[in-house]
Amino acid sequence: MARRLSQRETLTGWLFASPWALGMVLFVAGPVVASLVISFLEWNLLETPRWVGWANYRRLVTDDPLFYKSLNVTLLYTAAAVPLGMALSLALALALARPRRGQGLFRTIFFLPTVLSGVAAAMLWNWIFNADFGLVNVFLRHMGITGPEWLASERWALPALIIMSLWGMGGTMVIYIAGLQGIPRHLYESAAIDGAGPLRQFWHVTLPMLSPVLFFTLIMGIIGSFQVFTQAYVMTGGGPNYATFFYALYLFQQAIDFLNMGYASAMAWILFAIIMALTGLQFYFSKHWVYYEETGK
Amino acid sequence: MIAINDILSRRRVRGAISGACIYIFLSAGAFLCLLPLIWMISTSLKEPGNVFLYPPQWIPRPVRWENYAEIFTEWPFLTYLRNTMTITFLHIVGVTLSSALVAYAFSHLRWPGRGVCFIMCMATMMLPGQVTMAPTFIMFVKLGWLDSFKPLVVPAFFGSAFFIFLLRQFFRTIPRSLIEAARIDGCGEWRIFFFIMMPLSVPALLITGIYTFIGSWNDFMGPLIYLSSDSKRTLALALAYFGQSFISGITLHTLMAASLIVMLPCIVLFFALQKHFMQGMVFSGLKE
């Protein structure tokens with residue numbers, strides 16, 4: 001490092017990094033600053049923008065029931081879909097971490113749905129949740145139960161989307177399998193010598209050793225929930241009666257349908273603040289349950 | 001002796017029982033995972049009159065292959081396919097090439113500001129896309145790029161933070177000595193990049209390519225914002241519009257056939273490059 005960097009090296013370095021540097025200015029830093037300024041404007045792109053100070057934020061917090069509704073829907077979805085997905089992924093990962101006949105086949109099957117996202121999958125699930133002839137209610141009818149109207153029901157539309165989200169848990173499962181395979185065997189051996197049964201081994205070896213990965217997927221899951229858009233837009237349009245009116249959907253509506261640029265930007269910054277707060281909170285609590293091997297804490 | 005045998009056999013029985021339970025659990029899960037797809041295939045091959053039946057017909061009688069032909073005749077499928085393929089192809093080229101260039105700068109080149117820039121690059125991964133949505137939209141409106149592929153394609157050529165990181169990690173495993181040797185032999189950085197780094201990084205480039213493919217192929221919000229005329233729609237966007245007519249219920253069999261056709265490239269790619277898909281996913285989870 002004693003050698004001074006030649007001008008040539010500097011130039012080459014920046015040249016190779018220039019796509020990122022330009023993109024950073026044009027599509028990240030510039031828009032971030034602009035978005036902050038716009039959030040203090042009233043601007044529909046047709047008239048000249050008007051400075052309104054904190055009015056957008058004030059209206060969101062004090063005078064917009066839809067803001068709270070969308071927040072509520074998103075948080076409810078997060079609180080159910082994220083832990084459920086994590087628990088199921090972990091169960092599958094535990095069953096598949098050790099060599100077992102058919103292991104590869106099972107892994108393939110569970111992972112397959114993760115590449116099938118978007119509109120096509122939404123269309124499929126729309127039909128699966130059809131009230132009269134959809135797969136779910138046909139099955140329930142076999143059991144002698146009259147199923148709810150799912151996507152057409154204010155009460156069951158959100159649970160339907162939560163069930164649908166579980167179809168994509170194969171990605172998390174694969175991450176957990178890799179995490180489980182990284183746990184040194186000798187830890188289990190010494191636990192077994194100390195007389196720990198499978199349950200206590202799981203509780204005192206597996207979970208602590210896996211906790212950084214669990215923590216990571218938890219944070220990514222929460223961030224992902226705030227981005228839920230396609231399913232809600234295509235399958236329910238946010239309804240019925242706003243039962244699936246996700247935050248990302250409301251923000252999109254304000255920005256693109258109503259062209260309320262200021263209001264939408266204010267919503268985006270509140271979203272950012274919420275994600276940061278949740279992540280910060282997780283980091284704070286993680287001290288108590290996440291074990292990092294290097295520090296031994 | 002008898003006691004030990006007894007314990008061993010009891011343990012073996014217990015192992016067999018728990019093994020069987022695990023298999024039942026896995027099989028049930030796999031069944032539930034595949035059932036939606038089977039249901040979809042079944043519906044896509046039915047006659048319109050046989051779609052809404054109770055009990056359902058799992059194996060369609062008669063099998064109506066025409067449903068698939070109808071996608072091509074009653075829907076400008078090929079136009080949508082061409083649009084989607086154009087955007088997806090440019091995405092793959094743009095993201096892979098630009099991310100690899102930047103990753104090379106972040107791994108094997110030394111330049112002032114590299115550390116700070118790398119941290120900035122990583123920090124952008126935490127930023128929700130919505131924060132930049134309004135200004136980016138305004139920018140593309142002012143540029144007159146609405147209803148063209150440009151807003152969807154151009155940003156791909158400026159690198160993607162996640163793939164920059166993935167490729168950088170991979171490039172770092174390529175020995176410095178190899179690159180130094182090439183430099184001593186008078187090989188320029190561009191040639192090193194194209195003729196040494198790229199060929200040695202095929203697995204990482206493949207992961208970047210396939211995940212970009214899946215993301216771009218399934219992207220809905222981008223086309224929804226920027227594409228308005230029918231002739232420019234992508235498959236995902238067209239499928240969503242097509243689906244709205246499904247409320248009437250008449251075209252469900254065609255809708256399922258179309259959805260399956262849209263999914264098919266992803267399914268084929270997945271089966272062809274499974275290992276890479278899983279490696280990419282593992283990487284995303286263990287990057288700490």
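Below, read A as the first sequence line, B as the second, and so on, with proteins coming before strands; counting in each chain starts at 1. Everything quoted here is computed from the prediction, not taken from an experiment. Heavy atoms only: backbone and side chains are in, while hydrogens, waters and symmetry mates are out.
A:G179 approaches A:L210 most closely through the heavy-atom pair C-CD1, 3.6 Å.
Using a 3.5 Å distance cut-off with no hydrogens or angles, the side chains of A:N56 and A:S39 do not pair a donor with an acceptor.
Your options are B:W190, B:Y104, B:Y211, B:F193, and the one with the most heavy-atom pairs under 4.5 Å with chain A is B:W190. Ranked by non-hydrogen atom pairs under 4.5 Å with chain B, the options A:G171, A:P198, A:G104, A:G30 are led by A:G171. Counting heavy-atom pairs closer than 4.5 Å to chain A, the top-ranked of the candidates B:C117, B:P56, B:A258, B:G159 is B:C117. Across B:S98, B:A161, B:P155, the residue that shares the most heavy-atom pairs under 4.5 angstrom with chain A is B:P155. With chain B as the partner, the residue from A:R100, A:Q227, A:R141, A:R107 showing the most heavy-atom pairs under 4.5 Å is A:R141. The candidate with the highest count of non-hydrogen atom pairs below 4.5 Å against chain A, out of B:S160, B:C33, B:S99, B:A105, is B:C33. Among B:L224, B:L97, B:V141, the residue making the largest number of heavy-atom pairs under 4.5 Å with chain A is B:L224. Top candidate by heavy-atom pairs under 4.5 Å with chain B, chosen from A:L94, A:V174, A:L15, A:L88, is A:V174. Among the candidates A:G118, A:A95, A:A255, the residue making the largest number of heavy-atom pairs closer than 4.5 Å to chain B is A:A95. Between chain A and the options B:V262, B:L37, B:D219, the largest number of non-hydrogen pairs under 4.5 Å is found for B:L37. Chosen from A:V138, A:T108, A:V32, the residue pairing most often with chain B at heavy-atom distances under 4.5 Å is A:T108.
Contact annotation for A:A29: neither backbone nor side-chain heavy atoms come within less than 4.5 Å of a heavy atom of chain B. Interface residue A:I275: only side-chain heavy atoms are found under 4.5 Å from chain B. Looking at A:I38, the atoms closer than 4.5 Å to chain B (heavy atoms on both sides) all sit in the side chain, from C-beta outward. When heavy atoms are compared at a cutoff of 4.5 Å, A:L11 does not approach chain B at all. Heavy-atom distances place both the backbone and the side chain of A:F252 under 4.5 Å from chain B. Heavy atoms closer than 4.5 Å to chain B are found in the side chain of A:L259, but not in its backbone. In this structure, the portions of A:L124 lying under 4.5 Å from any heavy atom of chain B include both its backbone and its side chain. For chain B, no part of A:A21 is nearby; none of its heavy atoms comes within less than 4.5 Å. The parts of A:F27 that come within reach of chain B are both its backbone and its side chain, each placing non-hydrogen atoms under 4.5 angstrom from that chain. For a residue to count as touching a neighbouring chain, one of its non-hydrogen atoms must lie under 4.5 Å from one of that chain's; by this rule A:M169 does not touch chain B. For a residue to count as touching a neighbouring chain, one of its non-hydrogen atoms must lie under 4.5 Å from one of that chain's; by this rule A:M24 touches chain B with the side chain only. Residue A:L166: no heavy atom, backbone or side chain, is found under 4.5 Å from chain B. Proximity to chain B is limited to the side chain of A:I256, based on heavy atoms less than 4.5 angstrom apart. Neither the backbone nor the side chain of A:T217 comes within less than 4.5 Å of any heavy atom in chain B.
Partners of A:Y250 by side chain to side chain donor-acceptor pair (under 3.5 Å), not counting sequence neighbours, listed by chain and number: A:D64, A:Q254. The ring-ring contact (aromatic ring centres under 6.0 Å, His included) check on B:F118 picks up B:F106, with sequence neighbours excluded.
For the pair B:M256 and B:K46, the minimum side-chain heavy-atom distance is 4.5 Å or more. Taking the side chain as every heavy atom from C-beta outward, B:L237 and B:F220 approach each other to under 4.5 Å. For the pair A:Y247/A:I270, a side-chain contact is recorded, criterion being any heavy-atom separation below 4.5 Å from C-beta on. In this structure, B:L255 and A:W127 have side chains that are not in contact, with every pair of non-hydrogen atoms separated by 4.5 Å or more. Looking at heavy atoms from C-beta onward, A:L151 lies out of side-chain contact with A:W125 at the 4.5 angstrom threshold. Here the side chains of B:P223 and B:R233 are not in contact, with every heavy-atom distance at 4.5 Å or above. Taking 4.5 Å as the limit, some side-chain heavy atom of A:I223 sits within range of a side-chain heavy atom of A:I219. The shortest side-chain heavy-atom distance between A:L116 and A:W167 falls under the 4.5 Å cut-off.
In this structure, CD1 on B:I214 lies 7.5 Å from OG on A:S117, to the nearest 0.5 angstrom.
Aromatic rings of A:W269 and A:F272 (six-membered ring for Trp) have centroids within the 6.0 Å cut-off, being under it.
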